[in-house]
Amino acid sequence: MKKVNTIILLLILSITISFCKKSNSSAPNTPVTPITPVAPTPEKDFTNSTAVEYYGPLKVSGNRITGKADAAVQLRGMSFFWSQWIGKYYNASVVKWLKDDWYCNVVRAAMAVEEGGYLTNPDVEKQKVFDVVDAAIANGMYVIIDWHDHHASDHQALATKFFAEIAQKYGDKPNIIYEPYNEPLQVSWKTIIKPYHQAVIDTIRKYDPDNLIICGTSTWSQDVDVAAYDTLVGTNIAYTLHFYAGTHKQSLRDKAKVALDKGIALMVTEYGTTDATGDGFVNQTETNLWYDFLDANKLSWCNWSIADKAESSAALFSGSSASGNWMNVQLTTSGSFVRQEMRNKNLRFK
Ligand code: MG
């Protein structure tokens with residue numbers, strides 16, 4: 001009898017433990033990693049075509065960037081870091097990983113000009129751009145070729161030579177997007193930046209009549225409202241808007257709205273989730289407000305940056321492989337957050 005009682009007691013105890021375990025596993029405060037892989041869903045899966053096949057050649061229609069059948073196109077992807085400092089990620093296997101795992105449909109090659117960049121090593125830096133562009137074409141992605149310079153108007157002859165070469169080499173490919181002037185400083189749009197852009201545009205158009213050219217604006221590509229009142233001459237011209245969510249908030253969105261309402265098209269070729277220094281707190285709340293604005297206005301974007309530098313805007317922790325295949329634990333807070341945004345909203349292409 002004593003033995004039977006013990007068995008019953010053990011049975012009750014075991015049922016209680018099993019119930020407690022179940023309750024714990026479904027507790028609402030169970031930590032959830034924000035970068036748990038998202039299983040592809042059929043409605044997101046367009047693996048029978050590439051992004052470029054799906055959206056087609058891009059053009060500017062009023063204040064929108066459009067593709068096939070004049071439908072507005074919003075691209076989301078990643079910018080590489082200054083090519084002369086962190087050039088190790090400028091390769092085909094990283095580009096393919098960004099498409100397959102991050103769902104990027106655009107990448108940006110940020111070719112450094114000063115500080116050991118193109119001015120010093122033109123062939124070396126140019127080759128990094130070619131490697132990324134060739135990989136983007138092979139993967140059916142869009143690619144922004146960025147003259148990453150704060151003083152491009154001082155290097156106009158070299159810039160026009162560079163873009164003439166790019167236009168002759170790649171101008172027949174719908175993948176290519178030109179960005180002739182990353183971030184002009186606080187200099188005159190009318191007398192310095194605009195004449196520079198016009199010279200580069202006129203040169204590109206000798207060889208390539210149609211691919212998008214996205215033009216930087218004064219104050220680190222924030223004064224898009226100024227450009228909207230004094231526009232460049234040419235077809236398929238849009239303007240660069242840059243922001244860093246920890247620093248630039250509603251007042252910059254208001255400037256962008258003025259520019260859009262005036263009728264120019266914008267592309268966010270670079271933004272960060274952090275302060276404008278590229279470092280500091282990763283401001284997910286403000287970045288989400290920006291995402292709402294970008295989505296509402298169909299503005300394409302590239303996040304800064306694919307780098308393993310010890311600063312919070314870098315997407316990767318130090319030492320992350322130069323060939324992609326990154327594990328979730330190698331992604332920083334910013335990298336995880338931005339990757340998840342793309343996996344949630346971009347289509348998954350071949
Ligand atoms: Mg073309």
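Worth knowing before you read on, the calculation uses all heavy atoms, side chains too, and leaves out hydrogens, waters and symmetry mates. In each ligand, atom 1 is the first atom listed, and ligand 1 is the first ligand listed.
For the Mg ion (ligand 1), the nearest N, O or S atom contributed by Asp210 is named OD1.
When OD1 of Asn211 and OD1 of Asp208 are joined through the Mg ion (ligand 1), the resulting angle is 100° to the nearest 10°.
Residue Gly171: an N/O/S atom is found under 2.8 Å from the Mg ion (ligand 1).
How far CE of Met78 is from CH2 of Trp301: 7.5 Å, rounded to the nearest 0.5 Å.
At least one cation-pi condition fails for Arg343 and Trp102: the charged atom is not both under 6.0 angstrom from the six-membered ring centre and inside a 45 degree cone around its axis. Geometric assessment of Lys350 against the ring of Phe46 yields a negative cation-pi assignment under the 6.0 Å and 45° thresholds.
Looking at Phe163, Trp189, Tyr196, Trp220 one by one, the single match for ring-ring contact (aromatic ring centres under 6.0 Å, His included) with Tyr181 turns out to be Tyr196.
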